[in-house]
Engineer: 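Okay, here's the structure, questions in a sec.
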Amino acid sequence: MSQYNMTERDICTKYITPAIVNAGWDLHKQIREEMTFTAGRVIVKGKNYTRKKAKRADYILSYKTNLPLAVVEAKDDRHSIGDGMQQALEYADMLDIPFVFSSNGKGFLFHDKTGLSGAVEQELTLEQFPSPEKLWNMYKSWKGIGEAEEKVVTQDYFTYSNGKSPRYYQRISVNRVVEAIAKGQDRVLLVSATGTGKTMIAFQTIYRLWKSRLKKRILFLADRNILVDQTMSNDFKHFGDKMTKIKNRKVDKSYEIYLALYQGVTGTDDWKNIYKEFSPDFFDLIIIDECHRGSAREDSAWREILEYFSSASQVGLTATPKETKEVSNIDYFGQPIYTYSLKQGISDGFLAPYRVVRYTLDKDVEGWRPEQGQKDKYGNIIEDRIYNIKDFDRNLIMEQRNVAIANKVTEYLKKTDRFQKTIIFCVNINHAERMRQALVNQNADLVAENHKYIMRITGDNNEGKAELDNFIDPNSKYPVIAITSKLMTTGVDAQTCKLIVLDSNITGMTEFKQIIGRGTRINEEHNKFSFTIMDFRGVTNLFADPDFDGDPVQVYVPNEGDDPVPPEVDEDDNPSGNDPVSPTDDGDFGDDGVKGDGEKPRTYYVHNVKVRVINERVQYYDENGKLITESLTDYTKKTVKKEFSSLNDFLQSWNSVERKEAIIEELLEQGVLLDELQEEVGKDFDPFDLICHVAFDQKPLTRRERAMNVKKRDYFAKYGEKAQTVLEALLEKYANEGIEHIESMEVLKLQPFDTMGSLMELVKSFGGKQQYMQAVRELEQQIYITA
């Protein structure tokens, strides 16, 4: 059989796979063909979504499961031997793989990142493909892995009964940590965005080091009970009776895996530090979850524990390494051994993209000054000065401000879904309670059905804290709206949270990233693919900070003038970025404002000053994270003209493509927000007319107008009666719903087609499948006649 003109798959089957197998690679254990390793970025389409194409390598070759050594990219015989190399190198960089091959079936181009083969790139014949042992020995030499380290590095992963396997970045994280500790590194920092499975990474790391017997007693530390309990009941459950939780200040030294709340093993002078019941060398591995929250401070309780067990290898896990003048994770742990960012997680499709709705309140921008001698609701004369956003809900309570925000949040929920899980972040506990009251009044109907529709979940409230598990449970309907201050900023696995509301003066990047992380999880079972941020304090200005690494899909700013005034910083706002409260506290309670004997109250309550939301405008972040301040139409025009140089270019592409939805999806991927454009230009225009109008200044026609034009041409007369009926129904469906809804044959299974006959009968009325598809294409041509 001639090699010429064979498909890529034919080349793989006949030449590439046999060459790899003949070199000694096990077809079933070491070779993975057509391996998909990302999910494909989620593209939001109003209430719907699509995914970009996932990344897929033609071959991944592994020495052992989850120890990959080589990427091979295949091309058909019309390409040169090295045509797949650049793509293979991109994949190898992502997958942390050192040996890279490209092939067209006539030989291999070999790229060696280790430099040990004598040349960076060289051509090999099919018979010269290297064996697993050769590449493994090169890898060991490159990494400095000796005989003792090899036993640890090759230790198997835990195998899940359901076939679950680590994602590529989880595998890189585990392998790098295990390798570093096997080689004697005693301090390791691992950075992985919220929602990317740090607990699974911790479990597999511990498991492999424990099973190899390099580490025999392990301590896992977290700073919230819910984090410890979630860890034990989920990933760590496979340790079984080898595992225990340190609680009630009791020590049992018969276990091998220990989990503890750091407050549970340290205490004030009135309590004995229970960790000292263990000898300093009792633990030989300590994993610190969410290490940004406390362990980095030299005088923290965590640091005290880590220094006591200084002989143990210590691994810090965080989504947000903390670096300030006072606190440094890197100073203690060293540079991160691997970083998987929020931006990368969104790009890969493992994390949810988000839109941002930014509101400006008039009193936040203008400030507020009391009239001379004006009293608050408790009769206190209000100190004469200008109060601004840093004062609100701390020094001065403007009650109508909470009402305005509650109204906007409720308005949004009513327009979208009143049962989408929502977290509202407030300044402090007192503020959270007032916000709860305002929202209860706005949602009286649903609160009457179940009072747990809205719950304040703060550190001081046992009833609220008792509902935290229900809030994060995807299968639990209530609570729907959780109002908090600090308690839910970190570690709360709210998989189905679709709305985050910011009404707190957040100025530190660490806290901001953690809060954004409450919404980044994707849960396909419950249709959670994206989320929305509503910002009432200008907090999302932090998106412009170079330290932020995830670009939002949209920023929506209710102000026709300048951007909202960013929150100013006072000593209560903690400008260092450190956690302003302990993990068991949820912010200060404020003051009731009532003072006796002429003492000036700490907080004034103003109840009769109206607060309103200022008008709206739209801002965007492009694919590079740069803020786009131009109008929606100008941004769309510029973006479309990058893809299509002229109206004729666009018309030619539109008319020649088999599926119009392909162009629609491409425009969405380029950042053209068609749903928002419809809101501005008109909901009855489909994407074709929106683009022609906005980008090329053409007069738009509504879908109904286009459908009527087709009917006037008596286009259907050439078809039989049944086919005419189908085409007329398709045209009506286009007029009501849009072109995307008629392009798939699946539409023939829906109303009203299901009453006309079976799919096979309807297609047969056109003469067959090909004739039906041709009729639909001709119908589309009739719809989009421009003259």
Side-chain angles (χ1 to χ4, degrees), residues 36-44 49-57 90-91 93-96 164-177 189-202 204 235 289-292 317-321 336-356 489-498 500 509-533 540 542-543 545-554 621-625 669 671:
T36 299
F37 59 91
T38 70
R41 181 175 181 142
V42 173
I43 305 296
V44 179
Y49 79 97
T50 59
R51 281 190 183 270
K52 292 180 72 171
K53 189 176 180 180
K55 287 184 166 60
R56 185 179 67 185
E90 177 190 340
Y91 291 171
D93 284 344
M94 285 186 68
L95 296 169
D96 203 28
K164 174 181 170 184
S165 60
R167 293 171 175 170
Y168 82 89
Y169 62 85
Q170 295 172 328
R171 185 259 308 160
I172 294 172
S173 300
V174 173
N175 287 352
R176 286 199 182 184
V177 174
L189 180 63
L190 190 63
V191 178
S192 197
T194 299
T196 54
K198 288 191 292 296
T199 311
M200 182 193 189
I201 292 170
Q204 290 285 8
D235 294 272
D289 192 25
E290 305 288 1
C291 67
H292 65 277
L317 305 177
T318 184
T320 50
I337 199 167
Y338 179 63
T339 297
Y340 188 72
S341 68
L342 172 61
K343 185 174 183 178
Q344 187 64 49
I346 293 174
S347 178
D348 286 343
F350 294 126
L351 295 180
Y354 49 93
R355 64 192 298 267
V356 181
T489 58
T490 186
V492 176
D493 189 11
Q495 298 177 25
T496 55
C497 176
K498 291 185 178 181
I500 291 174
M509 184 59 68
T510 298
E511 185 178 10
F512 178 58
K513 280 187 179 182
Q514 287 290 331
I515 286 174
I516 299 307
R518 297 314 101 213
T520 54
R521 289 163 174 81
I522 287 175
N523 188 305
E524 298 195 14
E525 181 184 350
H526 293 85
N527 199 35
K528 159 67 188 301
F529 293 95
S530 64
F531 67 105
T532 297
I533 302 167
T540 50
L542 287 169
F543 282 132
D545 192 302
D547 287 341
F548 192 81
D549 60 359
D551 52 314
V553 294
Q554 178 189 7
Y621 283 80
D622 65 15
E623 65 258 20
N624 298 314
E669 288 188 15

Engineer: Under the ring pair (Phe, Tyr, Trp, His ring centres under 6.0 Å) test, which residues partner F529, sequence neighbours left out?
Structural biologist: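 If we apply the ring pair (Phe, Tyr, Trp, His ring centres under 6.0 Å) test to F529, skipping adjacent residues, the hits are Y49.
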Engineer: With rounding to the nearest 0.5 Å, note down the distance linking CD1 in I500 to CD1 in I515.
Structural biologist: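 That separation rounds to 8.0 Å.
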Engineer: Do any N or O atoms from the side chain of T520 and from the backbone of T194 form a donor-acceptor pair under 3.5 angstrom?
Structural biologist: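 Looks like yes, one N/O pair under 3.5 Å.
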Engineer: Apply the side chain to side chain contact (heavy atoms under 4.5 Å, CB included) test between L190 and each candidate in T339, I201, T318, I172; give the one that qualifies.
Structural biologist: I201
Engineer: Go through M94 and K55 one step at a time and tell me if the side chain to side chain contact (heavy atoms under 4.5 Å, CB included) criterion holds.
Structural biologist: CA-CA 10 Å; M94 285 186 68; K55 287 184 166 60; 3.6 Å; yes
Engineer: Compute the centroid of each ring, for Y169 and then for Y338, and state whether the two points are separated by less than 6.0 Å.
Structural biologist: no
Engineer: Drop me the distance from T540's OG1 to I533's CD1, to the nearest 0.5 angstrom.
Structural biologist: 7.5 Å
Engineer: What are the two closest non-hydrogen atoms of L317 and A202, and how far apart are they?
Structural biologist: CD1-CB, 3.8 Å
Engineer: Report the distance from atom OG of S192 to atom CD of Q344, rounding to the nearest 0.5 Å.
Structural biologist: 11.0 Å
Engineer: State whether a side-chain donor-acceptor pair under 3.5 Å links Y168 with D348.
Structural biologist: yes
Engineer: Between K528 and C497 (side chain of the first, backbone of the second, donor and acceptor by atom type, cut-off under 3.5 Å), is there such a pair?
Structural biologist: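 Yes.
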Engineer: With rounding to the nearest 0.5 angstrom, report the CD1 to CG distance, I337 to N175.
Structural biologist: 10.5 Å
Engineer: Enter the distance from I346:CD1 to R41:CZ here, rounded to the nearest 0.5 Å.
Structural biologist: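 Reported value, rounded in 0.5 Å steps: 6.5 Å.
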Engineer: Any side-chain to backbone donor/acceptor pair from R51 onto G40? Under 3.5 Å, distance only.
Structural biologist: yes
Engineer: Which pair of heavy atoms, one from S530 and one from A352, lies closest together, and at what distance?
Structural biologist: CA-CB, 3.8 Å
Engineer: What distance separates R521 CZ from H526 NE2, expressed to the nearest 0.5 Å?
Structural biologist: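 Reported value, rounded in 0.5 Å steps: 15.0 Å.
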Engineer: Which atom names give the shortest non-hydrogen contact between A54 and T36, and what distance separates them?
Structural biologist: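 For A54 and T36, the tightest heavy-atom pair comes out as CB-CG2, 3.6 Å.
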Engineer: Do Q170 side-chain atoms and R167 backbone N/O form a donor-acceptor pair below 3.5 Å?
Structural biologist: yes
Engineer: Taking ring pair (Phe, Tyr, Trp, His ring centres under 6.0 Å) as the test, write out the residues that go with F531, two or more places apart.
Structural biologist: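 F531 satisfies ring pair (Phe, Tyr, Trp, His ring centres under 6.0 Å) with Y354 only.
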